[in-house]
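Note: hydrogens, waters and symmetry copies are ignored here, and every other heavy atom, side chains too, is used. Only a predicted model underlies this, so the values are computations on that prediction, with no experimental measurement involved.
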Amino acid sequence: MIYRRIVREIWVVVLLATLFGLWVFGQGSGITITVVRATDLWTADPHNDTQVTSQSLFHNVFDPLVRVDWNNPTKPLPALAISWEYVSDTTVVFHLRQGVKWHDGRDFTSEDVKFTFDRVLDKDNPTKISVWIAPIVKRVDIIDRYTIKLETYRPYAPLFGRLEVLKIIPKQTFLEMGPEAFGQKPVGTGAYVFDEWKKGEYIRLVANESWWGWTHREKRPDVVIRKSIPEEFTRYAMLETGEADIVGMIPPERIPTIEASGRLRIATTPSTRGFFVGMNTWKPPFDDVRVRQAMNYAIDKQLIVDTILLGQATVHPGVCSLSDAGYCPVCMMYEYNPDKARQLLAEAGYPNGFEVTLWSPRGKYIKDLETAEAIAGQLEEIGVKVNVYAPAWPEYWDNFLAGNMEMYFLSYGGSFPDCDDRIGGHLDGARRGIYYNSPYSDALIKLEQETLDPEKRALIWGALGQYFVQQAPWIFLWDLNLIYGLSDKIKAWEPVPVEHIYYWQIEVR
Amino acid sequence: MLAYIAKRILQALFVLFVLTAFVFSLLHLSGDPTALLLPADATPEQIQQMREWLGLDQPIVVQYIRYLARLVHGDLGCSYRMNLPVLVIIREFLPNTLLLGVFAILFATLLSLPLGVIAAVKRDSPVDFAATLIATLGQSMPTFWLAILLILAFGVKLRLLPVSGIGGWKHFILPIISLGWYSTALLTRVLRSSMLEVLNADYVMVARSKGLHEASVILKHALRNASLPVITVWGLQLGAVLMGSVATETVFAWPGIGRLTVEAVLGRDYPVVLGAVLVFGTLFVLLNTSVDLVYCLLDPRISYT
């Protein structure tokens, strides 16, 4: 009797376990994919590694309060905050998502949000991401368990873009683990659990079945292995040999080979990574606006895009990227007109041109040095002798910050689509306009920042964009396309204009 | 012998002290790491705040004395980028480099030994031609280029071997060949010329005239004497393999200290660079001392008493 009862109970347990197993594993695709990037994480602490590829990974492990809608940069998407309202121009109340669990099973509450902000606003122990948050956010207060109040120093229109980069961390877990341990195996609320990190080898992420944001969970990868491979050829070889399923930073010349393989394919998108040639407008010859305009007329941008970048870039007028809030579609595009360039140079007092050094990064961006040399070659045609100097990035950046350059080829790439983010490091006197700023543009920048109405802000950006085009502090060039190689394991995936890969959007087969 | 070893240890400590001072100054002359740690749009005030927090606003002498004070207690500092103690980082990466290095030098030794000897004994034969070809190609091909060729041939075209990372035994093959190839070439060349010299010596002729078997003449009499210059070069190659690991580890994404150092140099992560230099320096000094001691075993004429 007892024997039969034990057998029956064992059967019940086995049946329940099987059903549970089917429920757990039946949700996923059962697929593991390998994603390869060029750079490795410094740390898995999302507040101390601001590299764009690291931030990409953090998006999968953590959630911010809001996310960017790449189709509509002025309208943020709910994440850990489900709604919000401005109670004054400088105060926003956020209503938080309820029922969210941290990966270690604890409840997510407003305590975590306050703790996150307090950490990055702490002046005595600055995190690296504080650079983006501390100048804007004054304080965060808890209203109740699922409501917080955020106060900014002044009205600030790109606030939501800034908030997207700040990943919320768990107060209790962080305090228990300490920053060092948390930076090795962090705990988030995101779509994937940070499972294992073998340094220099791989990071293993496992799908978080209880994530609030899944759509078509059964089509998404169960496990993502993330590797960093600095050498371009090795990344390509990994795609060819089936060791990788998504590979970033594919150079344009590899596209035909990859597409011809039949098994692999290419995914591209215009990006927020814009390129330009900056000029030192404080010193001759570039202190004369006519010289700067002449430089713009002298460059056949489309020719360089077609021949060196093999069409993988989009030429556009002005300072903002195509996907930015603030992009100026009506701004004038400097056409290629070397005769007009020569005429402007002559009017400015340089009929025989001049000699200048063009600084270029080497190996930081795709085809950077080749592009700089092509620009130099085209400028020579209007009589400007250009010496290209391409040191390693640390030397380049030191000299950029020290204001030592006459002319420099550079790129900007932001983590959210707002033109204010692009110009901050280059053209805004209040922040860091090392080679150009003006009282007029600075005033307009302050105004666009403080105008919360998107329509009015767009008008200000129109005026600002046209002013910059007229002032020509840069030779305006193009936005580079992001190019990814995909294996046949990836059924569908649309890259976004920034170098982020949201694993929960990848459809596998 | 013990006195000699003690003297070499003291010399090694002095060498390491000079090395840290030199690299420390060189790193600080190369520029400030703070701006590379922060987002590109950091303002000068934010950069200065981080500089102060890291203690980089202090005079270089103060920074160096602080570094030495920590070093005496076995603390190599904390990585600016990885927010981890350097010792922890090195402990994670060093074994992979040592493993690769040991196998690479083993590969070079096992290949060059027969190749060098046969090339000398069968002078102007096809084996000699092959050995000369290997020596010429091996010494003229940059490591990273050979690595790419290996990936192309055995990974992309033949699909026989994995092209990156560390895993099973298959992952070792291409990095070992890439790293050991230069040493193979050099050792083969040195051994061949050394053997050619020794094979014409009187004592080899005497050995042959005694009616000894040819294999015994070559292996016991010729090779032992020919190996002394090879041991010197071999010792230097142990160091060269460590240096070569920088290129090999980068191309094959091998999680070793060579790749770590390259990334730390590019990011001006001073504590990691200094830690890696100390490790490389210590290994180099240790290897050189060991080679010196091996001389005693091989050549009775050498003594350190």
Determine, stepwise, if the pair A:Glu201 / B:Ile166 fulfils side chain to side chain contact (heavy atoms under 4.5 Å, CB included). CA-CA 7 Å; A:Glu201 291 183 58; B:Ile166 188 169; 2.9 Å; yes

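- Heavy-atom pairs under 4.5 Å with chain A were tallied for B:Gly167, B:Pro85, B:Ala147; the largest tally goes to B:Pro85.
- Ranked by heavy-atom pairs under 4.5 Å with chain A, the first of B:Gly155, B:Ala40, B:Gly31 is B:Ala40.
- With a threshold of 4.5 angstrom between heavy atoms, B:Ser79 does not approach chain A through any atom at all.
- Here the side chain of B:Arg159 pairs a donor or acceptor atom with the backbone of A:Glu240 at under 3.5 angstrom.
- The parts of A:Ser228 that come within reach of chain B are both its backbone and its side chain, each placing non-hydrogen atoms under 4.5 angstrom from that chain.
- Side-chain contact between B:Leu38 and A:Thr50 is absent, with no heavy-atom pair separated by less than 4.5 Å.
- Without hydrogens or angle criteria, B:Gln49 side chain to A:Lys123 main chain gives a donor-acceptor distance under 3.5 Å.
- B:Asp269 does not touch chain A: none of its heavy atoms, backbone or side chain, sits under 4.5 Å away.
- Both the backbone and the side chain of B:Arg81 come within contact range of chain A, judged by heavy atoms closer than 4.5 Å.
- When each of B:Glu45, B:Glu263, B:Glu92, B:Glu249 is checked for heavy-atom pairs under 4.5 Å with chain A, B:Glu92 comes out on top.
- For A:Ser261, no part sits under 4.5 Å from any heavy atom of chain B, backbone or side chain.
- For A:Tyr396, the ring pair (Phe, Tyr, Trp, His ring centres under 6.0 Å) partners two or more places apart in sequence, or in a different chain, are A:Trp393.
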Criterion side chain to side chain donor-acceptor pair (under 3.5 Å) on A:Trp132 and B:Asp41, from CA distance to verdict: CA-CA 9 Å; A:Trp132 286 332; B:Asp41 47 359; 3.1 Å; yes

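- Results of the side-chain contact (heavy atoms from CB on, under 4.5 Å) test with A:Thr234 over B:Thr250, B:Ile148, B:Val251 single out B:Val251 as the only residue that passes.
- Put simply, of B:Thr43, B:Leu266, B:Val163, the one with the most heavy-atom pairs under 4.5 Å next to chain A is B:Val163.
- In this structure the side chain of B:Trp53 never reaches within 4.5 angstrom of the side chain of A:Asp124, judged on heavy atoms.
- For B:Phe144, no part lies near chain A; criterion is any non-hydrogen pair under 4.5 Å.
- For B:Arg259 (side chain) and A:Gly200 (main-chain N/O), a donor-acceptor pair under 3.5 Å exists by modelled atom type.
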From CA spacing to verdict: side chain to side chain contact (heavy atoms under 4.5 Å, CB included), B:Leu152, A:Phe233: CA-CA 9 Å; B:Leu152 190 64; A:Phe233 183 78; 3.6 Å; yes

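- Between B:Pro162 and A:Glu243, the closest side-chain pair of non-hydrogen atoms falls below 4.5 Å.
- Of residues 58-69 of chain B, not one residue has a non-hydrogen atom less than 4.5 Å from any non-hydrogen atom of chain A.
- Both the backbone and the side chain of A:Asn125 come within contact range of chain B, each with at least one heavy atom under 4.5 Å from a heavy atom of that chain.
- Only the side chain of A:Gln184 comes within contact range of chain B, judged by heavy atoms closer than 4.5 Å.
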